[in-house]
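Structure record follows, encoded as structure tokens.
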Amino acid sequence: MAERDSNYDYDLFVIGAGSGGVRAARMSSSNGARVAIAEERFLGGTCVNIGCVPKKLFTYAAHVPDEIEDAAGYGWSVGERSFDWKTLVANKNAEIERLNGIYAKLLDGAGVTLYRARAKLIDAHRIDVGGEMVTAERILIATGGKPNRPSEPGQEYGVVSDDMFYLDELPKRAIVAGGGYIAVEFAGILNGLGVETVQLYRGDLFLRGFDRDVREHLAGEMRKKGVDLRFNAIIEKTEKREDGTLVAHLSGGETVETDLILYAIGRSPNTEGLGLEEAGVAVNDKGAISVDDDYSTSVPNIYAIGDVIDRVALTPVAIGEGMVFAFNTYNGESRKMDYRDIPSAVFSNPPIGTVGLSEEEAVAEYGAVDVYLSEFRPMKHTMSGSDERVLMKLLVDVATDRVVGLHMVGPDAGEIAQGFGVALRANATKAEFDSTVGIHPTSAEEFVTMREPTRRASAKSEAAE
């Protein structure tokens, strides 16, 4: 347990009140530390305000048209319908304000001093907080990430993900540039809300790093829903006409007229203007703060967690890192963050749920894996008339029979992957999956009823292909 030095204003000063920073501050305070936290924008960080929470709310809205269409097969007649963007945004804003209030109460209840100002390091122990100098024995940086912008001519006419939650109007046409999960999610949202949507990606298939079958299946489903996916294509320049129309000039020589361009081309650690250089805090070649397993930086009393260290950019991971820091530093524990088998979801349309390794990763790590693959029309759509199909996939290490990867594309994929995440963390074998009684009729039961492998994948077989 760390000893306290009363010569400082605080035992711990946290820069950034996102999910990770708030949890670290609260837990450190609960373990007896004098803690302050600074935030210049909003409490809860990207996730609560301009990330996963409002994005999920928008996703719910985008799925409503599908539900209305599906209703006819079940005997429901739906009359005239309309969508009002301003109502969605206003209701979303009210929910975000509510969550900000909850975060403020949590900090106050934990005895954490909140500074609503920008914080910048002066040196290893001094912080400039909105013009006021405070001192701290330890400093924790949890400033998260920020969206990247491109450099091509006309990029200033486009927006980034932060802007999407506060658009004055919903465009009639949109281009989403990018192939990561944020790009895929917003393409689904815009398309679901009736926007004529084009998604561009520089590679041959989006969602690099995800399982290949998952990527291919989602691409097919998105195209069926009307998203114009164009791979091996980028915007080289954008022009703006007098009437506000944007003209995107693509790498293949064609042009696309649109009303909005969203650049979702990745995120970078949010370190600009933090005073890292002045304090002697080292960053890596990606601009992320370099830390060890205890989240200590090159300066012994300065720490960092969350997206700013660019390990696993997920809110629950940042929270977990904050817990490790707080309990190790102020309660004498020796916790370690385990990054193995972290479940995740992409709230695309349809959504992805995944835990463990992709087929490519599993082959690289284990040499030979049995692949169980199932694609089917879910029960709901036998009467709805929809041609949407579900994909489920298991990867099993041949040598140990352990399930090392689980992937799904389809309704409730995130909810289902979360439950199976426990099984993979517990090193469940395929035999244990087989011995588990399924819940019938559900889509999830498919994961415990796959009996025969579709194929065996190995480094040798991949080389042959």
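One is the number of the first residue; the rest follow in order along the sequence.
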Note to self: How about CD on E196, more than 12 heavy atoms from neighbouring residues, nucleotides or ligands closer than 6.0 Å, or not?
What the structure shows: no
Checklist line | Donor-acceptor under 3.5 Å (S348 side chain, V184 main chain) | finding: no
Next item on the list: Decide, yes or no, whether a salt bridge links E359 with K393 under the criterion of side-chain N to carboxylate O below 4.0 Å.
Entry: yes
Next item on the list: Examine the side chains of E388 and S386 and answer whether a donor and an acceptor come within less than 3.5 Å of each other.
Entry: no
Notebook entry, point to check: For the side chain to side chain contact (heavy atoms under 4.5 Å, CB included) test, which of R455, M450, R451, E452 pairs with Y372?
Noted result: M450
Next item on the list: Spell out, as yes or no, whether a donor-acceptor pair under 3.5 Å connects the side chain of E221 to the backbone of N349.
Entry: no
Check: Short question: side chain of R456, backbone of V369 - any donor-acceptor pair under 3.5 Å?
Finding: no
Check: Residues two or more places apart in sequence or in another chain: which of them pass side chain to side chain donor-acceptor pair (under 3.5 Å) with D341?
Finding: none
Next item on the list: Only counting residues at least two apart or in another chain, list the ones meeting side chain to side chain contact (heavy atoms under 4.5 Å, CB included) with S151.
Entry: none
Margin query: Is a donor from one side chain sitting under 3.5 angstrom from an acceptor on the other, for Y366 and E361?
Written below: no
Next item on the list: Would you mind listing every disulfide (SG to SG under 2.5 Å) that reaches into residues 44-99, with sequence neighbours excluded?
Entry: C47-C52
Notebook entry, point to check: Of F347, F165, F186, which meets ring-ring contact (aromatic ring centres under 6.0 Å, His included) against F58?
Noted result: F165
Notebook entry, point to check: Do F210 and Y181 have ring centres separated by under 6.0 Å?
Noted result: no
Item checked: Pair Y303 and F325, ring centroids less than 6.0 Å apart -> yes
Notebook entry, point to check: Around atom CZ of R389, are there more than 12 heavy atoms of other residues, nucleotides or ligands at under 6.0 Å?
Noted result: yes
Please list, one pair per line, the donor and acceptor atoms closer than 3.5 Å that link side chains of residues 404-416 to other protein atoms, with sequence neighbours excluded.
residue	atom	partner	partner atom	Å
H407	ND1	T354	OG1	2.6
H407	NE2	L357	O	2.8

Margin query: Strictly by side-chain hydrogen bond (donor to acceptor under 3.5 Å, both in side chains), give each pair with a member in residues 156-178 just once, sequence neighbours left out.
Written below: R173-D259
Next item on the list: Decide salt bridge (Lys or Arg N to Asp or Glu O under 4.0 Å) for R377 and D387; before the verdict, give the C-alpha distance in whole Å, the side-chain angles of both, and the deciding distance to 0.1 Å.
Entry: CA-CA 7 Å; R377 189 182 194 187; D387 61 354; over 6 Å; no
Notebook entry, point to check: Does D84 have any side chain to side chain donor-acceptor pair (under 3.5 Å) partners at least two apart in sequence or in another chain, and if so, which?
Noted result: T87
Notebook entry, point to check: Between F327 and R335, is there a cation-pi geometry (under 6.0 Å to ring centre, at most 45° from the normal)?
Noted result: yes
Next item on the list: Could you check D228 against R230 for salt bridge (Lys or Arg N to Asp or Glu O under 4.0 Å), going step by step and ending with a plain yes or no?
Entry: CA-CA 6 Å; D228 183 356; R230 304 190 191 186; 2.9 Å; yes
Checklist line | S290: side chain to side chain contact (heavy atoms under 4.5 Å, CB included) partners, not counting sequence neighbours | finding: N284
Notebook entry, point to check: Of all residues at least two apart in sequence or in a different chain, which pass the ring pair (Phe, Tyr, Trp, His ring centres under 6.0 Å) check with Y201?
Noted result: none
Next item on the list: Examine distances only and state if a side-chain atom of T382 and a backbone atom of K380 form a donor-acceptor pair shorter than 3.5 Å.
Entry: no
Check: Does a donor on one side chain sit under 3.5 Å from an acceptor on the other, for E445 and H440?
Finding: yes
Item checked: Side-chain donor-acceptor pair present, N49, N100, cut-off under 3.5 Å -> yes
Next item on the list: Only counting residues at least two apart or in another chain, list the ones meeting ring pair (Phe, Tyr, Trp, His ring centres under 6.0 Å) with F447.
Entry: F420
Next item on the list: Mark yes when over 12 heavy atoms from residues, nucleotides or ligands other than R212 sit less than 6.0 Å from its CZ; otherwise mark no.
Entry: yes
Checklist line | Pair N31-S28, side-chain donor/acceptor within less than 3.5 Å | finding: no
Item checked: Non-neighbouring partners of F376 that pass side chain to side chain contact (heavy atoms under 4.5 Å, CB included), sequence neighbours left out -> S374, V390, M392, S443, E446
Item checked: Polar side-chain atom of S29 near backbone of R26 as donor-acceptor pair, under 3.5 Å -> no
Note to self: Taking side chain to side chain contact (heavy atoms under 4.5 Å, CB included) as the definition, give me every residue that meets it alongside A104, ordered by chain and number, with sequence neighbours left out.
What the structure shows: L43, R116
Note to self: Which residues pass the salt bridge (charged side-chain N to carboxylate O under 4.0 Å, His left out) test with E97, not counting sequence neighbours?
What the structure shows: none
